[in-house]
Amino acid sequence: MTEKATRRRIAVLGGAGGIGRALIAHLAQKGDDVTVLDLSSSLARHALDTKTIAIDVCDESSIATAFSALGNHWDQVDGFVNLAGYNSALQPLSQTGADYFDEVIAGNLRGVFLAAKAVLPMMAQGSTVVHVASGLAAHVRPGYGAYSASKAGVIALTKTFAVENAPQVRFNVVAPGLVDTAFLRGGTGRSDEDGQSIVPLDAYRAMTPMKRLALPEDIVGPIEFLLSPASGFMTGQVLWVNGGGYMP
């Protein structure tokens with residue numbers, strides 16, 4: 001992928017979610033060719049004006065099938081964004097069951113590992129991968145133990161992919177604070193998306209210097225920067241996007 005490229009081929013995993021839909025609208029406006037991979041339930045709920053492929057990142061065979069379909073659609077990929085992730089409960093680690101812990105690790109960490117492995121052979125020379133983690137990967141809070149562990153793993157995993165695949169493919173991370181999407185209400189495709197937030201939103205706003213939650217559009221810009229030639233000398237890096245709530 002070069003600065004002269006005018007139509008990038010970008011795959012977005014988790015693209016039916018709130019951040020994903022905002023990102024897709026932005027990429028489409030730029031003239032990029034976008035394919036979305038997401039749960040079939042998410043794709044059914046949110047009709048997207050682009051090519052879609054059903055995937056369940058907790059199912060290794062589903063991942064293999066989805067990326068095989070992507071390979072049939074494109075011979076090479078210029079950008080890959082992985083937004084997939086969820087957390088449906090806040091509870092102390094001492095009260096977290098092994099089944100729930102395993103479920104979160106499978107969806108948020110193992111799925112990232114398998115998806116990155118699956119897309120890597122398709123990545124073009126000079127292409128870029130952007131993983132979306134969380135500020136909770138480093139700035140931990142009570143009740144998010146399994147989620148924090150999974151997202152810290154995503155950062156470590158991304159850095160390793162970056163070292164092992166430079167200079168052919170760049171790998172970077174965007175780590176947002178809370179974003180006002182269905183994620184706060186059980187997750188896109190995994191809940192009714194309209195329920196009560198599992199997070200105390202007023203308390204979060206009060207402790208954030210910018211005094212608000214992030215909107216999906218706040219995360220699009222950092223992702224686009226990491227997809228673009230403007231970040232061409234960055235790999236293995238983390239962009240923290242949290243309104244000043246965490247300043248490493």
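Just so it is clear, the structure is predicted and the values come from calculations on it, not from any experiment.
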Measure across [X] and [Y] and return the closest heavy-atom pair with its distance rounded to 0.1 Å.
{"X": "Val119", "Y": "Phe67", "answer": "CB-CE2, 3.6 Å"}
{"X": "Ser88", "Y": "Tyr100", "answer": "N-OH, 3.1 Å"}
{"X": "Glu217", "Y": "Ala22", "answer": "OE2-CB, 4.1 Å"}
{"X": "Ala66", "Y": "Leu37", "answer": "CB-CD2, 3.9 Å"}
{"X": "Leu43", "Y": "Val36", "answer": "CD2-CG1, 4.1 Å"}
{"X": "Val34", "Y": "Leu27", "answer": "CG2-CB, 3.7 Å"}

Is there a side-chain contact between [X] and [Y], using heavy atoms and a 4.5 Å cut-off?
{"X": "Val132", "Y": "Asn82", "answer": "no"}
{"X": "Leu114", "Y": "Val57", "answer": "no"}
{"X": "Gln125", "Y": "Gln168", "answer": "yes"}
{"X": "Leu226", "Y": "Leu239", "answer": "yes"}
{"X": "Phe171", "Y": "Val169", "answer": "yes"}
{"X": "Leu215", "Y": "Val179", "answer": "no"}

By ring pair (Phe, Tyr, Trp, His ring centres under 6.0 Å) - contacts of Tyr246 (at least two apart): His139, Trp240
Looking at [X] and [Y], would you say the former's side chain and the latter's main chain have a donor-acceptor pair under 3.5 Å?
{"X": "Ser150", "Y": "Ile105", "value": "no"}
{"X": "Ser40", "Y": "Ala54", "value": "no"}
{"X": "Lys151", "Y": "Leu136", "value": "no"}
{"X": "Thr96", "Y": "Pro92", "value": "yes"}
{"X": "Ser148", "Y": "Ala138", "value": "no"}
{"X": "Ser228", "Y": "Ala230", "value": "yes"}
{"X": "Asn87", "Y": "Ala89", "value": "yes"}
{"X": "Asp32", "Y": "Arg8", "value": "yes"}

Determine whether more than 12 heavy atoms belonging to other residues, nucleotides or ligands lie under 6.0 Å from atom CD of Glu60. no
May I ask you to check whether over 12 heavy atoms, not counting those of Asn72, lie within 6.0 Å of atom CG? yes
Spatial distance of atom [atom1] ([X]) from atom [atom2] ([Y]) [nearest 0.5 Å]:
{"X": "His73", "Y": "Ser68", "atom1": "NE2", "atom2": "OG", "value": "13.5 Å"}
{"X": "Ile24", "Y": "Asp49", "atom1": "CD1", "atom2": "CG", "value": "10.5 Å"}
{"X": "Asn242", "Y": "Met247", "atom1": "CG", "atom2": "CE", "value": "7.5 Å"}
{"X": "Thr65", "Y": "Leu70", "atom1": "OG1", "atom2": "CG", "value": "12.5 Å"}

Looking at Arg45 and Asp38, is there a salt bridge between them, counting it only when a charged N and a carboxylate O are closer than 4.0 Å? no
Flag the pair Lys117 and Glu164 as a salt bridge only when some basic side-chain nitrogen lies within less than 4.0 angstrom of an acidic carboxylate oxygen. no
Determine, using the 4.5 Å side-chain heavy-atom cutoff (strictly less than), whether [X] and [Y] are members of one ILVMFWY cluster.
{"X": "Leu178", "Y": "Val238", "result": "no"}
{"X": "Val104", "Y": "Leu39", "result": "no"}
{"X": "Ile55", "Y": "Phe113", "result": "yes"}
{"X": "Ile155", "Y": "Ile219", "result": "no"}
{"X": "Tyr147", "Y": "Leu90", "result": "yes"}

Hydrogens and angles aside, do Tyr86 and Glu103 bring a side-chain donor and acceptor to less than 3.5 Å of each other? yes
Take Asp102 and Arg110 through the test salt bridge (charged side-chain N to carboxylate O under 4.0 Å, His left out) and record every step on the way to the result. CA-CA 10 Å; Asp102 290 346; Arg110 184 173 182 269; over 6 Å; no
Run the numbers on Val173 and Gln237 for side-chain contact (heavy atoms from CB on, under 4.5 Å), then give the verdict. CA-CA 6 Å; Val173 177; Gln237 305 302 309; over 6 Å; no
Between Ser231 and Arg170, is a side-chain hydrogen bond (donor to acceptor under 3.5 Å, both in side chains) present by the stated rule, with each step listed? CA-CA 10 Å; Ser231 62; Arg170 297 188 294 115; 3.2 Å; yes
As a quick check of understanding, evaluate side-chain contact (heavy atoms from CB on, under 4.5 Å) for Glu224 and Lys30, giving each step before the final call. CA-CA 11 Å; Glu224 167 60 22; Lys30 290 177 66 69; 3.4 Å; yes
List the atom pairs, with distances to 0.1 Å, where a side-chain N or O of residues 156-163 and a protein N or O form a donor-acceptor pair under 3.5 Å, not counting sequence neighbours.
from: Thr158; atom 1: OG1; to: His131; atom 2: ND1; distance (Å): 2.8
from: Thr158; atom 1: OG1; to: Val154; atom 2: O; distance (Å): 2.7
from: Thr160; atom 1: OG1; to: Ala156; atom 2: O; distance (Å): 3.0

Let's go through Thr35 and Thr52 carefully: what are the C-alpha distance in whole Å and the side-chain angles of both, what is the deciding distance for side-chain contact (heavy atoms from CB on, under 4.5 Å) to 0.1 Å, and is it a yes or a no? CA-CA 6 Å; Thr35 295; Thr52 62; over 6 Å; no
For Arg9, enumerate each residue passing the side-chain hydrogen bond (donor to acceptor under 3.5 Å, both in side chains) test, keeping only those at least two apart in sequence or located in another chain. Asp75, Asp78
Under the side-chain contact (heavy atoms from CB on, under 4.5 Å) criterion, do Val129 and Met123 qualify, and how do the steps go? CA-CA 9 Å; Val129 173; Met123 300 302 293; 3.8 Å; yes
Run through Val130, Ile10, Leu13 and flag the one making a side-chain contact (heavy atoms from CB on, under 4.5 Å) with Phe80. Leu13
